[in-house]
Trainee: 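Input: one structure, supplied below.
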Amino acid sequence: MDDQGARAEQAPAGIDTSTAHIARIYDYWLGGKDNFAADRLAAEQVMKATPTVRPGVTSNRAFLGRAVRHMVGQGVTQFVDIGTGIPTAGNTHLVAQALDPASRVVYVDNDPIVLAHARALLTGVSAPTSFVDADVRDTGAILAEAGLLLDLTRPVGLLMIALLHCVPDADDPAGLVTTLMDALPAGSHLAITQPAIDQLPGSMAEAEETLTRTMGYKVTFRTREGVARFFDGYELLDPGVVPIQDWRPDTPPDPSVITGMWGGVARKG
Ligand SMILES: C[S@@+](CC[C@H](N)C(=O)[O-])C[C@H]1O[C@@H](n2cnc3c(N)ncnc32)[C@H](O)[C@@H]1O
């Protein structure tokens, strides 16, 4: 049996491995093993269009860590992380609980393979952590489930890290952000990263088209202004919406790496 056949046999029951899925494509870019032939094909095609995608996703994970550490430093110890992805190093609860072991995280994702890994994700945690199988468009279910674990009268960190490109403008992603943030109190924080259509001219458009074609739904990369609009109404923290590697870096970023991702963090006043 070839490598692909062996992997196909390992697919959890009920998982469609014939179509590429973003969580598994992303896993491949991060060097993980939870991906299948269709995912790897799509991932390789995007890498051809955008050779910096691998350093880009690594940088995206680092942004997640810096954003969460910032929030814990502001006293935020409750998180809703939508678009969790397949568990990997530096998951939100690990970052937050390293600073404050009482930190609680509600993970939300709509991919069955992410759900299949949720049990592994939730082992060895120092404080209650839950996993919600929901689409980001289902804000009512997300808030209801989050309210079971978190105290929604206290500040929450809402994370949408490399998620909103999966929600086309027709589904009003800005409205989803507003609905979720409206349910959270002052002092809550919002962190967003999203692939940029206005970095790496040509290659990002090709990557967007490849993902749309291989995954079978509209993927939307956005401009810096388009991403900044998600933060409208909140206090956008310095340095604003920037290439992710430039958001409060721990060490000077490598100027030769263009990640093709915008990111920012805001505080609700
Ligand atoms: C590119 S991965 C990002 C994973 C993680 N946030 C990170 O940045 O490392 C995008 C994740 O969003 C999830 N996702 C995509 N569309 C979604 C939706 N409509 N509702 C909930 N999750 C979604 C995918 O299943 C995948 O796990």
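Each ligand, and each atom within it, is numbered from 1 in the order the structure gives.
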Trainee: Nearest to atom 4 (C) of ligand 1, what protein heavy atom do you find, and at what distance?
Mentor: G83 O, 3.2 Å
Trainee: Need the ligand 1 atom indices (1-based, order shown) with element for anything under 4.0 Å from a heavy-atom of R137.
Mentor: 19 (N)
Trainee: Among all protein non-hydrogen atoms, which one is nearest to atom 20 (N) of ligand 1, and what is the separation to 0.1 Å?
Mentor: V136 N, 2.9 Å
Trainee: Numbering the atoms of ligand 1 from 1, which are under 4.0 Å from a heavy atom of A134?
Mentor: 20 (N), 21 (C)
Trainee: With distance as the sole test, does T212 use its side chain to make a donor-acceptor pair with the main-chain N or O of K218 at under 3.5 Å?
Mentor: no
Trainee: Answer yes or no: is there a donor N or O on one side and an acceptor on the other, between the side chain of W247 and the main chain of V242, under 3.5 Å?
Mentor: no
Trainee: Would you mind checking which non-hydrogen protein atom is closest to atom 7 (C) of ligand 1, with the distance to 0.1 Å?
Mentor: Y26 OH, 3.3 Å
Trainee: So, does D81 use its side chain to make a donor-acceptor pair with the main chain of V105 at under 3.5 Å?
Mentor: no
Trainee: Would you call L64 a ligand 1 contact, heavy-atom distance under 4.0 Å?
Mentor: no
Trainee: So, regarding L163 and ligand 1 (criterion: nitrogen or oxygen to nitrogen or oxygen, under 3.5 Å), is there a contact or not?
Mentor: no
Trainee: Decide whether a cation-pi geometry holds between R267 and F231; the criteria are a distance under 6.0 Å from NZ or CZ to the six-membered ring centre and an angle within 45° of the ring axis.
Mentor: no
Trainee: Under 4.0 Å from any heavy atom of N60, which atoms of ligand 1 are there?
Mentor: 7 (C), 8 (O)
Trainee: Going by the atom numbers of ligand 1, which of them fall below 4.0 Å from some non-hydrogen atom of C166?
Mentor: 15 (C), 16 (N)
Trainee: Could you give me the CA-CA distance, side-chain angles and deciding distance for I82 and L180, then say whether side-chain contact (heavy atoms from CB on, under 4.5 Å) is met?
Mentor: CA-CA 11 Å; I82 309 181; L180 292 165; 3.7 Å; yes
Trainee: Numbering the atoms of ligand 1 from 1, which are under 4.0 Å from a heavy atom of R61?
Mentor: 5 (C), 7 (C), 9 (O)
Trainee: Do any nitrogen or oxygen atoms of D135 lie less than 3.5 angstrom from nitrogen or oxygen atoms of ligand 1?
Mentor: yes
Trainee: Under the side chain to side chain donor-acceptor pair (under 3.5 Å) criterion, do T259 and Q245 qualify, and how do the steps go?
Mentor: CA-CA 7 Å; T259 58; Q245 68 274 27; 2.9 Å; yes
Trainee: Near I161, which atoms of ligand 1 are under 4.0 Å from a heavy atom of that residue?
Mentor: 3 (C), 5 (C), 6 (N), 7 (C), 8 (O)
Trainee: Numbering the atoms of ligand 1 from 1, which are under 4.0 Å from a heavy atom of T84?
Mentor: 4 (C), 5 (C), 6 (N)
Trainee: Got a donor-acceptor contact below 3.5 angstrom from the N91 side chain to the H93 backbone?
Mentor: no
Trainee: Nearest heavy-atom pair of G65 and V95: which atoms, and what distance?
Mentor: O-CG1, 3.7 Å
Trainee: Testing N35, N60, D39 one by one against Y26 for a side-chain hydrogen bond (donor to acceptor under 3.5 Å, both in side chains), which residue passes?
Mentor: N60
Trainee: Does any N or O atom in A23 lie less than 3.5 angstrom from one in ligand 1, N or O only?
Mentor: no
Trainee: Quick one: nearest non-hydrogen protein atom to atom 27 (O) of ligand 1, plus distance?
Mentor: D109 OD2, 2.6 Å
Trainee: Under the side-chain contact (heavy atoms from CB on, under 4.5 Å) test against P173, which residue among R229, R222, M160 passes?
Mentor: R222
Trainee: What residue and heavy atom of the protein are closest to atom 18 (C) of ligand 1, and at what distance?
Mentor: N110 ND2, 3.4 Å
Trainee: Report, in ascending order of atom number, the atoms of ligand 1 lying under 4.0 Å from any heavy atom of G85.
Mentor: 4 (C), 27 (O)
Trainee: Looking only at protein heavy atoms, identify the closest one to atom 10 (C) of ligand 1 and say how far it is in Å.
Mentor: A162 O, 3.2 Å
Trainee: What residue among T129, V132, V80 forms side-chain contact (heavy atoms from CB on, under 4.5 Å) with Y107?
Mentor: T129
